[in-house]
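Please read the structure below before turning to the comments.
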Amino acid sequence: MTDSIQKVRTRFAPSPTGDLHPGSARTALFNWLFARHHGGEYLLRIEDTDRKRSTPEALDTILNGLSWLGIEHDGSIISQFKQADRHREIAQKLLDEGKAYYCYSSPEDLQKMRDLAKIKGHPISYDNHWRNRDSSEAPHGQKPTVRLKSQQKGITTLVDLVQGHVEIKNAQLDDMILLRSDGTPTYMLAVVVDDHDMNITHVIRGDDHLTNTFRQLQIYKALGWKTPQFAHIPLIHGPDGTKFSKRHGSTSVGGYANMGIMPKAMTNYLLRLGWSHGDDEIISTNQAIEWFNINSIGKSPARFDIVKLLSLNSHYIREASSIELVQAIKPILEKKHKKSLSEKDIDTLIKGMTGLKDRAKTLLDLAENAWFYVAPLPLWYDEKAQKFLQKESIESLKIFILYLSENNILWSHDSLLAAARIFVEKNNIKMRYFSQTLRAALTGSTVSPSIFEVMEVLGKELSLQRFNLENIPA
RNA sequence: GUCCCUAUCGUCUAGCGGCCUAGGAUAUCGCCCUUUCACGGCGAAGACACGGGUUCGACUCCCGUUGGGGAUACCA
């Protein structure tokens, strides 16, 4: 069979009319993974035939989203709009062969037909008025659309790679419009022609296209073209099971990036939403390419669960290198606190990451938690921290610092910890309390990584600066 | 209205007729670890929507019901 030796070619075909929706991102991911898995090609086509709704900004957003996710397309981006002449040529061919016809019904007529069909319980709305009528009967001034003369009898069967056998009676399908009255092609015509011309072998797309596929199959048939294989993946729903909309949180990939989600976490999450590989949860991109198959795509829709995304995100934060993380939080910090970070700051942050990584769910958290390391003095002390900085405890701080210098304690986590243990024992203070005092003085907060690690990261000089009483409003 | 798809713990899912007293992840709760908060470790609770078949045997196959989603545009 030639099928088996044909190179896999998939495509992602977004319309540039809005953000990159997580569902679309997943569709792109699946197409990409499938192509990579088979050593094939993954193409990007922009469905911009709707000139009114397509915008360059939306295109930018989509492209940015895809590259953030690391989904790189092969070849150059194809604009569907630019293929319009080709689409018209095909429509003309169908016209010439008597497989399509001019329809002079006005939008108002059509609306009436739809209303009527609904009342009568008819499956299709267009009444085929112009199917067998000559253009000479056309009303003056009405520009015609071109409609496909669809099969009216029999059934059309689709063997979908995800949904399995699906059948529909041809009587359910109406004569769809191929060319609008202004001569522009509709989506139905355009997809078929483009997928054919691009030699697409596998069309992986959202479930919402499943019934459309039967219409498209009619066009393939009329043209005598070989059809690609179809895989209709279920849609992603909102947390409450209804359509995933803005009230559920961000519906754009960019929104999650801004929230401090790492691209690896996002792709891992999206991958596991509807696809599985046994009990595996943490899946790297390479592993995904190796394992990905259409067979393991689930048939039912999944709900978008931000909590699980967050847990995956904290995993990838923990796994990331300190340098990578600091690079990621640097712009966040600089923007929020309007301070440009020095090389020394960056250095401190990198050292501090070890203890910070485990404590963040997002890069935003991470940045926030890291801020105290590089914040200008005097520090800002939160309410809880201030409670630990009363007269008595400050006194014990002073004594501790003296103790450290008298005993020439090495400024490292381990020896500072050991020293503190001896110190609290000697002075009959609770370690619980004392460590919080240290923390409050050093970080301005009651929550931080191990305070002795903080001291080590800060270094002796910076730590002592922070212990300086003038810097602590008691 | 008509047509199509779908249905396992709260959520994501494993399961492709006996391995299931249904497994994992996440969330929740408890215990441990502990200088705070996390991380981590251990444990608990938690699901086959319902009703009919088919079968020696159904979570798994078939048919209904119900719930959810989609399509029905001169949008894509």
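Between B/U60 and B/U55, the two C1' atoms lie 13 Å apart (nearest whole Å). To the nearest whole angstrom, the two C1' atoms, one in B/G41 and one in B/C56, are 46 Å apart. The separation of B/C9 from B/G15, taken at their P atoms, amounts to 16 Å, rounded to a whole angstrom. Between the P atoms of B/A27 and B/C33, the separation comes to 23 Å (whole Å). Between B/U21 and B/C59, the distance separating the two C1' atoms is 15 Å to the nearest Å. To the nearest whole angstrom, the two P atoms, one in B/C16 and one in B/G23, are 14 Å apart. Between the C1' atoms of B/C48 and B/G43, the separation comes to 25 Å (whole Å). The C1' atoms of B/U66 and B/A49 are separated by 8 Å, rounded to the nearest whole Å.
A cation-pi geometry, defined here as NZ or CZ lying under 6.0 Å from the six-membered ring centre and within 45° of its normal, holds between A/Arg51 and A/Phe81.
Within 4.0 Å of A/Ser450, counting heavy atoms only, lies at least one base atom of the nucleic acid. Contacts of A/Leu438 with the nucleic acid, taken as non-hydrogen atoms under 4.0 Å apart, are absent. If you check every strand for non-hydrogen atoms under 4.0 Å, A/Met188 touches a base. Nucleic acid contact class of A/His413 (heavy atoms, under 4.0 Å, all strands): base. Using a 4.0 Å heavy-atom criterion, one finds that A/Pro449 contacts the bases of the nucleic acid, with or without backbone contacts as well. Note on A/Gly355: nothing from the nucleic acid sits closer than 4.0 angstrom, heavy atoms only. Contact annotation for A/His232: no contact, since no heavy-atom pair falls under 4.0 Å across all strands. A/Glu47 comes within 4.0 angstrom of sugar-phosphate atoms only, judged by non-hydrogen atoms across all strands, and of no base. At the heavy-atom level, A/Ser300 lies under 4.0 Å from the strands shown only through sugar-phosphate atoms. Within the 4.0 angstrom heavy-atom criterion, only backbone atoms of the sugar-phosphate kind lie near A/Ser125; the bases stay farther away. Residue contacts for A/Asn212: at a heavy-atom cut-off of 4.0 Å it reaches a base atom on one of the strands shown. When heavy atoms are screened at a 4.0 angstrom cut-off, A/Phe304 is found touching no nucleic acid atom at all. Contacts of A/Lys243 with the nucleic acid, taken as non-hydrogen atoms under 4.0 Å apart, involve only primed sugar atoms and P, OP1 or OP2. Residue A/Ser15 is in sugar-phosphate contact alone, with no base atom involved, counting any heavy-atom pair closer than 4.0 Å across all strands shown.
A donor-acceptor contact under 3.5 Å links the side chain of A/Arg359 to the base of B/C37. The base of B/G23 is paired with the side chain of A/Asp279 by a donor and an acceptor separated by under 3.5 Å. A donor and an acceptor atom never sit less than 3.5 Å apart when one is taken from the side chain of A/Thr211 and the other from the base of B/C3.
The side chain of A/Gln80 sits closest to B/A76 out of B/A76, B/A14, B/C4. Which of B/U13, B/A27, B/C74 sits closest to the side chain of A/Gln142 comes down to B/C74. When the nucleotides B/U35, B/C5, B/G70 are ranked by their closest atom to the side chain of A/Phe452, B/U35 comes out on top. Closest to the A/Asp208 side chain, of the nucleotides B/U36, B/C12, B/G70, is B/G70. Closest to the side chain of A/Leu273, out of B/C74, B/C12, B/G69, is B/C12. Residue A/Arg439 places its side chain closer to B/U35 than to any other of B/C3, B/A76, B/U35. Closest to the side chain of A/Thr145, from the set B/U72, B/C74, B/G24, is B/C74. With distances taken from any side-chain atom of A/Asp305 to the nucleotides B/U11, B/U35, B/A76, the minimum falls on B/U11. Considering only the side chain of A/Lys308, B/G24 comes nearest among B/G70, B/G24, B/U36. Considering only side-chain atoms of A/Pro107, the nucleotide from B/C37, B/C12, B/C74 that sits closest is B/C74.
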I would like to know whether A/Phe304 and A/Tyr256 meet ring pair (Phe, Tyr, Trp, His ring centres under 6.0 Å); could you show each step before the answer?
CA-CA 12 Å; A/Phe304 195 90; A/Tyr256 291 97; 5.3 Å; yes
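A 3.5 Å limit on both hydrogen-bonding distances identifies no Watson-Crick or G-U partner for B/C16. Under the Watson-Crick or G-U wobble criterion, with both distances below 3.5 Å, B/C61 is paired with B/G53. In a base pair of the Watson-Crick type (N1 to N3 plus N6-O4 or O6-N4) or a G-U wobble (N1-O2 and O6-N3), with each distance short of 3.5 Å, B/G1 is matched with B/U72. If you check B/U36 for Watson-Crick or wobble pairing at under 3.5 angstrom, you find it has no partner at all. Pair assignment for B/G67 gives B/U6, based on Watson-Crick or G-U wobble hydrogen-bonding distances that are each under 3.5 Å. Across all strands shown, B/U28 pairs with B/A44; the Watson-Crick or G-U wobble distances both stay below 3.5 Å.
For B/U34, neither phosphate oxygen OP1 nor OP2 lies less than 4.0 angstrom from any side-chain nitrogen or oxygen of A/Arg432. When the side-chain nitrogen and oxygen atoms of A/Arg51 are compared with OP1 and OP2 of B/C74, none of them lie within a distance under 4.0 Å. In this structure, A/Thr184 does not reach the B/C74 phosphate: none of its side-chain N or O atoms is under 4.0 Å from OP1 or OP2. For A/Arg114, no side-chain nitrogen or oxygen approaches OP1 or OP2 of B/U72 to under 4.0 Å. Checking the phosphate oxygens (OP1, OP2) of B/C39, no side-chain nitrogen or oxygen of A/Arg318 falls inside 4.0 Å.
A side-chain donor-acceptor contact under 3.5 Å links A/Asp182 and A/Thr184. Inspection of the A/Thr156 and A/Asn170 side chains reveals an N or O donor paired with an N or O acceptor under 3.5 Å. Using a 3.5 Å distance cut-off with no hydrogens or angles, the side chains of A/Gln111 and A/Arg114 do pair a donor with an acceptor. Side-chain polar atoms of A/Asp175 and A/Tyr101 form a donor-acceptor pair below 3.5 angstrom.
The aromatic ring of A/His209 is not stacked on the base of B/G70, since the criterion of ring centres less than 5.5 Å apart with planes inclined by under 30° is not met.
In terms of position on RNA chain B, the residue among A/Cys103 and A/Phe214 whose nearest nucleotide sits closer to the 5' end is A/Phe214. Ranked by how close their nearest RNA chain B nucleotide is to the 5' end, A/Pro185 and A/Asn295 are led by A/Asn295.
Atom pair A/Leu309:CG and B/U11:P shows a separation of 17 Å (rounding to whole Å applied). In this structure, A/Leu271 places its CG atom 12 Å from P of B/A14, rounding to the nearest Å. Summarising the geometry, the separation between CG on A/Leu116 and C1' on B/U72 is reported as 16 Å, rounded to the nearest angstrom.
Just one of A/Arg11, A/His87, A/Arg86 meets the side-chain hydrogen bond (donor to acceptor under 3.5 Å, both in side chains) condition when paired with A/Asp194; it is A/His87.
Nucleotide B/C20 carries an anti base; the chi torsion (O4'-C1'-N9-C4 or O4'-C1'-N1-C2) is more than 90° from 0.
At a threshold of 4.5 Å between non-hydrogen side-chain atoms, the residues A/Asp207 and A/Gln163 count as touching.
Checked for salt-bridge contact, A/Arg45 and A/Asp195 meet the test: a charged N lies under 4.0 Å from a carboxylate O.
For the residue pair A/Asp174 and A/Arg215, the shortest heavy atom distance occurs at OD1-NH1, 2.9 Å.
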